[in-house]
Amino acid sequence: MIAKVIVDVANSKTDRSYDYLIPDEWTSFIEKGMRVIVPFNNRNVQGFVVDLEEHSTVPNLKKIKKFVDMSPVLTGELLDLGFWLSEAALCFKITALQAMLPVALKARYKKQLERVQADMLPKEVNDLFQKNDLIDWDEVIKLPAGLLKQIQKLIKAGAMKMVTEIKDRTTSKTIKVVKPAMGKNDLLKEIETLTPRAKKQKEILEWFLVHFAEIPSNELLMKLHATRSTLKALINKQILVENDRKIYRDPYEAASFKQTEPLALTDIQQKAIQPILSSVENSEQEIFLLHGVTGSGKTEIYLQSIQSVLEKGKEAIMLVPEISLTPQIVQRFKERFGSDVAVLHSGLSAGEKYDEWLKIHRKEVKVVVGARSAIFAPFENIGMIIIDEEHESSYKQEENPRYHARDVAEWRSKYHQCPLILGSATPSLESYARSQKNVYHLSELTERIHSQSMPEVMIVDMREELREGNRSIFSRILIEKIKEKLDRKEQCVLFLNRRGYSTFIMCRDCGYVAECPHCDISLTYHKNKNTLKCHYCGFEEMAPNRCPDCGSQHIRFFGTGTQKVEEELTKLMPEARIIRMDVDTTSRKGAHEKLLSAFANKQGDILLGTQMIAKGLDFPDVTLVGVIAADTMLNLPDFRAAERTFQLLTQVSGRAGRHKLQGEVIVQSYNPEHYSIQLASGHNYTSFYLTEMKARKAHAYPPYYYLTLITVSHPELMKVIAVAEKITSRLKKELSNKAIVLGPAASVIPRIKDRYRYQCMIKYKNEPNLFHALKSILNQYENELGNSGLQIVIDSNPYMLM
DNA sequence: AGCACGCCGACT
DNA sequence: GTCGGCGTGCTC
């Protein structure tokens with residue numbers, strides 16, 4: 001038998017399957033989707049079996065060396081999906097296949113030096129090997145040059161050789177468990193022969209007499225207040241045996257979840273869920289766009305839809321944006337579906353993710369709640385896929401394979417003939433446009449449950465404040481309102497989309513601006529450490545107190561970040577308890593949850609944060625939401641700037657007054673008349689959609705046109721320009737005259753990490769040649785891509801134009 | 001990617 | 001005459 005294997009060598013020349021002979025003893029064992037280890041050009045690499053065949057046309061096949069899995073890690077469906085994905089995202093097949101598995105399953109290669117004939121080695125070389133016949137290559141590299149030379153010769157002579165060992169990164173957590181080494185009758189006899197002084201030993205054995213089962217050692221010792229030494233005595237006497245047992249890490253172990261029952265749906269919810277349920281009933285592949293204002297009860301619709309899927313014996317995938325994978329959402333799923341749920345998000349360690357993935361693989365769960373990559377959950381009988389907050393940019397992966405979870409979800413829903421639900425209070429223009437063309441089935445939830453009204457939104461013109469002499473970052477009305485809420489023991493959420501203290505520092509005498517030495521971007525001042533940081537490459541240096549250029553001491557800090565807001569707020573209201581949430585305060589594991597639960601327990605009056613506090617949070621006592629600078633995003637050079645601003649303002653405002661108390665929102669802006677700010681404050685999605693669509697049409701942007709962005713980067717500017725120009729002119733030649741090819745132009749950030757960056761953008765409607773043109777461009781530069789430091793990134797349907 | 005092969009300059 | 005630098009090409 002022949003196995004077709006995709007090897008773990010990410011390169012365009014090796015981007016295909018290779019045939020290998022399956023050793024006779026494994027012919028009935030090796031299956032599609034398993035990982036194997038194969039010899040490949042004088043070394044061993046890992047690969048995926050993607051097909052099995054009787055015969056091969058290739059002479060002199062090599063044999064599969066080892067198998068890695070006892071059962072396939074990729075289903076037939078996922079293999080097909082991987083091939084589709086590698087085409088859609090223009091990446092190597094192996095890259096696509098690996099993206100579908102938890103990182104823990106990615107092969108790790110360890111090079112070693114093996115001793116073949118000890119008697120041929122001189123003493124000083126033999127001494128390097130102690131008991132083992134292998135030395136890690138990392139150790140070999142450190143040896144003195146003289147010794148290396150000898151080793152080189154010995155390798156040539158065949159006395160030693162280089163080998164690669166391949167390992168998973170799976171580390172299983174084990175615990176010690178203990179059980180009787182004999183039957184009940186013998187156990188009884190042993191108890192009788194114990195000396196009267198061995199009171200604790202007797203207690204332990206009596207426990208086993210009653211329970212007669214394996215138990216974690218620690219648990220047993222805790223229960224009986226015994227110590228390890230007592231247990232050890234019994235193990236030594238071979239009355240009990242102790243073993244290591246692999247256990248799952250359960251990130252949510254400590255939390256206990258009360259089971260909840262489905263809530264009664266309002267009439268509006270009922271109307272929205274009906275078509276979904278009938279689609280589940282008839283196993284129809286339909287895509288629903290669930291457009292529901294914040295607080296309209298979308299989650300309950302998800303839960304009940306999934307319930308109906310489970311009742312049919314099928315599985316469900318629910319995607320949520322990374323940032324909103326707060327305990328709140330997880331809790332609602334765990335409460336409803338108990339241990340049927342696996343949770344996958346980036347806050348978990350590689351081992352924890354692997355364990356959650358294993359639960360799916362072993363069919364121990366029926367529901368997955370997770371971020372983007374959870375769309376690859378290895379279910380085989382999917383009855384529904386849900387993407388909550390479908391407009392979120394975190395569904396687009398910004399590295400290879402550059403896929404959008406929505407596209408993968410559509411593919412899988414077609415494969416399984418099941419409904420796909422896209423939910424959002426502010427759908428992406430692409431999705432809403434499809435619903436207008438009846439490609440998607442639109443369901444609207446226009447009212448909040450319990451008919452709370454939408455919060456009152458007030459726009460404050462900050463230019464006016466400035467004119468009236470208020471130079472603070474807070475408007476007078478915002479300060480007044482915060483104080484009012486504090487007096488009433490209610491809570492506030494303040495939002496600012498910028499971390500750090502100041503966005504840039506400038507010398508007032510000579511105009512010097514501190515910039516990153518590796519990127520063309522100004523450095524952000526972080527006050528707590530008194531450093532300047534680059535938010536793109538991580539560069540950090542001490543902040544100067546004199547201008548490095550002219551020596552002046554007049555250095556001023558411009559722009560406002562969360563740190564500065566926190567400081568100003570403390571000055572104005574020393575009594576307020578502020579919880580700040582941004583990348584800098586949540587980098588440690590679990591910090592996110594800790595800060596949120598502190599706020600939920602009212603250990604804080606004001607929650608101040610960036611992006612990450614905009615979504616999904618639901619705190620009953622929050623009655624004021626303040627947006628400190630609504631225009632920060634509006635001024636970005638991105639065609640989605642208005643859409644993002646509208647979405648963010650709507651999401652943030654949705655945090656206020658979700659329960660009994662009426663909410664208020666204050667939006668500070670320097671562009672108060674901009675339609676995205678005006679329409680967000682009026683909660684008017686439809687008008688925003690229509691206005692924005694006109695702008696998109698006028699400028700030939702999605703959803704009227706598809707986009708593909710090509711970014712060329714290299715340490716030398718001339719090289720970048722030359723390559724970008726060649727690519728652009730080639731595309732202009734090869735594409736139809738209906739395609740718009742723009743560029744080459746310097747990227748918004750012209751240099752990152754010492755690499756210059758140029759871009760070319762393609763706008764098109766129907767361009768069957770595009771795929772081949774792009775592929776041949778990649779092929780043309782392939783040998784330059786690796787060694788000369790040239791990088792070409794092709795992103796179809798980009799979310800980040802930077 | 002990474003390893004072998006092969007071709008040309010520097011050296012015992 | 002050999003050793004070792006790196007460009008080139010192939011991997012079932």
Side-chain angles (χ1 to χ4, degrees), chain A residues 1-24 26-27 30-68 79 83 86 90-99 103 106-114 116 136-138 140-141 143-158 160-167 169 399-401 719 775 778-793:
Chain A
M1 282 289 278
I2 304 302
K4 297 211 167 270
V5 177
I6 304 253
V7 291
D8 182 17
V9 179
N11 182 284
S12 62
K13 288 242 170 80
T14 55
D15 188 32
R16 60 186 187 91
S17 69
Y18 287 87
D19 293 359
Y20 285 92
L21 223 67
I22 301 174
D24 287 345
W26 298 342
T27 43
I30 299 280
E31 288 179 53
K32 267 168 77 164
M34 279 183 180
R35 291 170 304 158
V36 290
I37 292 180
V38 292
F40 190 69
N41 195 20
N42 282 319
R43 69 211 153 104
N44 294 330
V45 297
Q46 197 178 80
F48 290 86
V49 176
V50 294
D51 217 342
L52 298 172
E53 269 166 26
E54 286 295 327
H55 303 285
S56 169
T57 51
V58 182
N60 306 325
L61 291 184
K62 293 185 181 167
K63 273 188 190 170
I64 290 177
K65 281 220 159 151
K66 293 181 193 168
F67 55 86
V68 183
L79 288 174
F83 296 141
S86 72
L90 279 158
C91 71
F92 305 127
K93 295 181 182 67
I94 188 69
T95 313
L97 294 181
Q98 267 162 356
V103 274
K106 210 177 156 197
R108 225 178 44 193
Y109 293 87
K110 205 166 121 191
K111 224 163 119 176
Q112 291 174 310
L113 185 64
E114 189 186 342
V116 183
D136 287 351
W137 194 249
D138 298 348
V140 176
I141 290 167
L143 296 172
L147 216 47
L148 282 177
K149 231 170 197 149
Q150 284 195 47
I151 290 172
Q152 202 173 24
K153 282 183 184 154
L154 290 161
I155 292 174
K156 253 188 181 160
M160 295 192 281
K161 67 176 178 187
M162 279 155 45
V163 292
T164 33
E165 213 204 331
I166 301 152
K167 278 187 179 161
R169 297 170 197 205
E399 59 192 63
N400 272 335
K719 179 75 184 169
K775 199 124 204 190
L778 281 181
N779 282 339
Q780 185 189 336
Y781 290 99
E782 67 169 321
N783 22 7
E784 280 191 69
L785 291 177
N787 45 47
S788 83
L790 180 70
Q791 204 186 8
I792 299 175
V793 173

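In what follows, chains are A, B, ... by sequence order, proteins preceding strands, each numbered from 1.
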S.K.: A:N11 side chain N/O closer than 4.0 Å to the phosphate oxygens (OP1, OP2) of B:dA1?
M.R.: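 So the side-chain polar atoms of A:N11 do come within 4.0 Å of the phosphate oxygens OP1 or OP2 of B:dA1, strictly under.
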S.K.: Ignoring the backbone of A:V9, work out which of B:dA4, C:dC12, B:dA1 is nearest its side chain.
M.R.: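 Nearest listed nucleotide: B:dA1.
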S.K.: What is the distance, to the nearest angstrom, from the CG atom on A:N44 to the P atom on B:dC3?
M.R.: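 Checked: the CG to P distance equals 11 Å.
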S.K.: What's the CD1-P distance between A:I166 and B:dG2, to the nearest Å?
M.R.: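 After rounding, the reported distance stands at 12 Å.
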S.K.: Of A:I94, A:T164, A:V38, which is the lone residue that meets side chain to side chain contact (heavy atoms under 4.5 Å, CB included) with A:V45?
M.R.: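 Going through the options one by one, the only one that passes is A:V38.
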S.K.: Mind checking A:K111 for me? I need base, sugar-phosphate or nothing, with any heavy atom below 4.0 Å counting as a touch.
M.R.: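 Answer is sugar-phosphate: A:K111 comes under 4.0 Å of backbone atoms only.
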S.K.: Send over the distance from A:I22 CD1 to C:dC12 C1', rounded to a whole Å.
M.R.: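 For the pair A:I22 CD1 and C:dC12 C1', the rounded distance is 13 Å.
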S.K.: Are A:Y109 and A:W137 packed together at the side-chain level, in the sense that at least one heavy-atom pair is separated by less than 4.5 angstrom?
M.R.: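 Result no, sub-4.5 Å side-chain heavy-atom pair not found.
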S.K.: Any idea which heavy atoms bring A:P39 and A:K63 closest together, and the distance?
M.R.: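 For A:P39 versus A:K63, the nearest heavy atoms are CD-O, 3.2 Å.
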S.K.: Just call it for A:P59: base, sugar-phosphate, or nothing, with non-hydrogen atoms closer than 4.0 Å on any strand.
M.R.: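 It contacts nothing in the nucleic acid.
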S.K.: Counting only side-chain nitrogens and oxygens, does A:K62 get under 4.0 Å of the OP1 or OP2 atom of C:dC12?
M.R.: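 So the side-chain polar atoms of A:K62 do come within 4.0 Å of the phosphate oxygens OP1 or OP2 of C:dC12, strictly under.
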S.K.: Counting only N and O atoms by type, is there a donor-acceptor contact under 3.5 Å from the side chain of A:D51 to the main-chain atoms of A:K32?
M.R.: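 No.
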S.K.: Just call it for A:K4: base, sugar-phosphate, or nothing, with non-hydrogen atoms closer than 4.0 Å on any strand.
M.R.: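 Counting heavy atoms under 4.0 Å across all strands, no contact is made by A:K4.
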S.K.: Looking for any heavy atom pair under 4.0 Å, which part of the strands does A:Y20 touch: base, sugar-phosphate only, or nothing?
M.R.: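 If one applies the 4.0 Å heavy-atom cut-off, A:Y20 turns out to touch the sugar-phosphate alone, with no base involved.
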S.K.: Restricting to non-hydrogen atoms, name the atom on A:V5 and the atom on A:G47 that form the minimum distance, rounded to 0.1 Å.
M.R.: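 That closest heavy-atom pairing would be CG1-CA, 3.8 Å.
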S.K.: Between B:dC3 atom C1' and A:I155 atom CD1, what is the distance in whole Å?
M.R.: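 After rounding, the gap between these two atoms is 13 Å.
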S.K.: Check the distance between B:dA1's C1' and A:Q46's CD and give it to me in whole angstrom.
M.R.: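 Whole-Å distance recorded here is 15 Å.
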S.K.: Would the base of B:dA4 count as contacting A:R43 through its side chain, where contact means a donor and an acceptor less than 3.5 Å apart?
M.R.: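 No pair found.
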S.K.: Find the distance A:Y109:OH to B:dA1:C1' and express it as a whole number of Å.
M.R.: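 Roughly 10 Å, once rounded to whole Å.
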S.K.: Choose from B:dA1, C:dC12, B:dC3 the nucleotide whose nearest atom is closest to any side-chain atom of A:M162.
M.R.: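 Selected nucleotide: B:dC3.
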S.K.: Rounded to whole Å, how long is the line connecting atom NZ of A:K13 with atom P of B:dA4?
M.R.: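 Answer to the nearest Å: 18 Å.
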S.K.: NE2 of A:H55 versus P of C:dC12: gap in Å, rounded?
M.R.: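 Value for this atom pair: 21 Å.
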